[in-house]
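Comments concern the structure below.
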Amino acid sequence: MKNSGLLILGAFVVIISCTSLPRTTPLDAVRSAELHNKCCSLFLDGEWQFVHSIDASLPGGNGGVILGVTIISVPHQTIKCVIMTIEGFVLFEAEYDQTLSVTRSVSPFDSKAFAKALIKDIQLIFFRPGGKMIESGTLDNGLPVCRYETPGQGIVDIILHNDNTWEIQQFSSGFRLNRSVKLSSLQKAPYHQPPIPDHIKIEAHGLLGYTLIMNLVEAIPLTQ
Amino acid sequence: MNNQNTSKVLFMTIMTIAALLFIGWADTLEGIKGASAEITSISAEFTQEKHMKILVKPLVSKGALYYQSPMSLRWEYYHPVQSILLMSNGKIKRYIQRNKTLVQDTGANLQIMQIALQEIARWLDGRFDENPAFTAHLEPGRKIILSPKEKSISRLIQRIELILSDHPGMMKSITIFESNDSFTKLIFNNVVLNQKIPESRFRTIR
């Protein structure tokens, strides 16, 4: 018993000692503003309906392929989402308009924690980080990064890659990595328009971690 | 003039005989079952439309089905995600596209799909009233309504509407209502009846 207590304490010390934000090298004011614009330009405006095929790898070796429908309004910061089987059977349906309302949920998608996590994942993928940009620069590997902080909610890093891909990393207020999202867009976006990600891989870290690979089936703009 | 009259009479006679032959087969569930007995196999393509209040346009999936009487079925989606459900001798297998290859799915919803496939096979065999969980009744317009008897099912499926095609034994569409504004509609086309389908179609994914 004493040994297992020590083990837990040891693991806790290791975890604490490993949690820090990736180091950045700051840019000058002009390049920092340019980078901030680039980071902001990765997020869509207006209202959209997306359909994705989602390959989910869940804790305990569970998982499968499902279809996800997401309707977002960027100006109103609202979300409607549906998860269904390929055969069209609805497993989960919810709306978020500053409060979450679940209209249908079938096991294993029937917990409140799942619904909240799903909405947070959608916000992380599609909405610009809500907080203030606190840093912009380059990481140790040379990739440009914009860092945003939302008080009480943590830190969001947006990392730009050179190959039409970008990454969103979300850290807790204690700087623990909670989510990693890798996004890519094969289709070149029209001039001055944000790219529509056609491949998204989201990883939730931690004991009950999961991975979702989302491939875009359809993107319908609902506003001009 | 005489020839024209003879043609008209001949045409009317053929139409009357045809009408007499088909009158009545869809008047009762028993009649439909009898007409379905003539069918040994079905190959068809289908379009699946998912309608929901929140969708600006329905979500469309496409696929094909192969049925061999009495209980062999292949239910295949081509788009948006390839998926194949095979039912042979009461056993079911499901393959799904993951990482660009078809892999066998052993997930929990396989059991649900087994029930669904057995139900579809029953409908294709004309046995609409055999599921004790549903009440079947026939309405005008060759429409069969299946209503769940238990609340536990009606919470998930409000009702199922099957529209029969003009050809005895075949369905034109299936609509599964989850609620009044959320339903899945399957529309069948390019139907081929009673043509031999190799047994391997129901056992392997090729």
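Below, read A as the first sequence line, B as the second, and so on, with proteins coming before strands; counting in each chain starts at 1.
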Taking a cut-off of under 4.5 angstrom between non-hydrogen atoms, the residues of residues 46-55 of chain B near chain A are B:Gln48, B:Lys50, B:Met52, B:Ile54, B:Leu55

The interface call for A:Ile86 against chain B, heavy-atom contacts under 4.5 Å, is both

If one checks every heavy atom of A:Val106 against chain B at 4.5 Å, the contacting part turns out to be side chain

So, the part of B:Leu156 with a heavy atom under 4.5 Å from chain A: the answer is both

- Task: Applying ring pair (Phe, Tyr, Trp, His ring centres under 6.0 Å), run through A:Phe50 and A:Phe126 and close with a yes or a no.
- Result: CA-CA 11 Å; A:Phe50 300 108; A:Phe126 294 110; 4.8 Å; yes

Answer yes or no: is there a donor N or O on one side and an acceptor on the other, between the side chain of A:Ser73 and the main chain of A:His76, under 3.5 Å?
yes

Got a salt bridge between B:Asp129 and B:Lys33, using NZ or NE/NH1/NH2 to carboxylate O under 4.0 Å? no

Checking [Y] against [X]: is there a side-chain donor and acceptor pair closer than 3.5 Å?
X	Y	answer
A:Asp163	A:Thr165	yes
B:Asn190	B:Glu45	yes
B:His79	B:Ser61	no
B:Asp125	B:Tyr67	yes

Per-residue tally against chain B (heavy atom, under 4.5 Å) across A:Ser53, A:Gly88, A:Gly64 peaks at A:Gly88

Most contact-rich option vs chain B, by heavy-atom pairs under 4.5 angstrom, among A:Asn215, A:Val65, A:Val217, is A:Val65

The single option from A:Phe92, A:Phe89, A:Phe114 that satisfies ring-ring contact (aromatic ring centres under 6.0 Å, His included) with A:Phe109 is A:Phe114

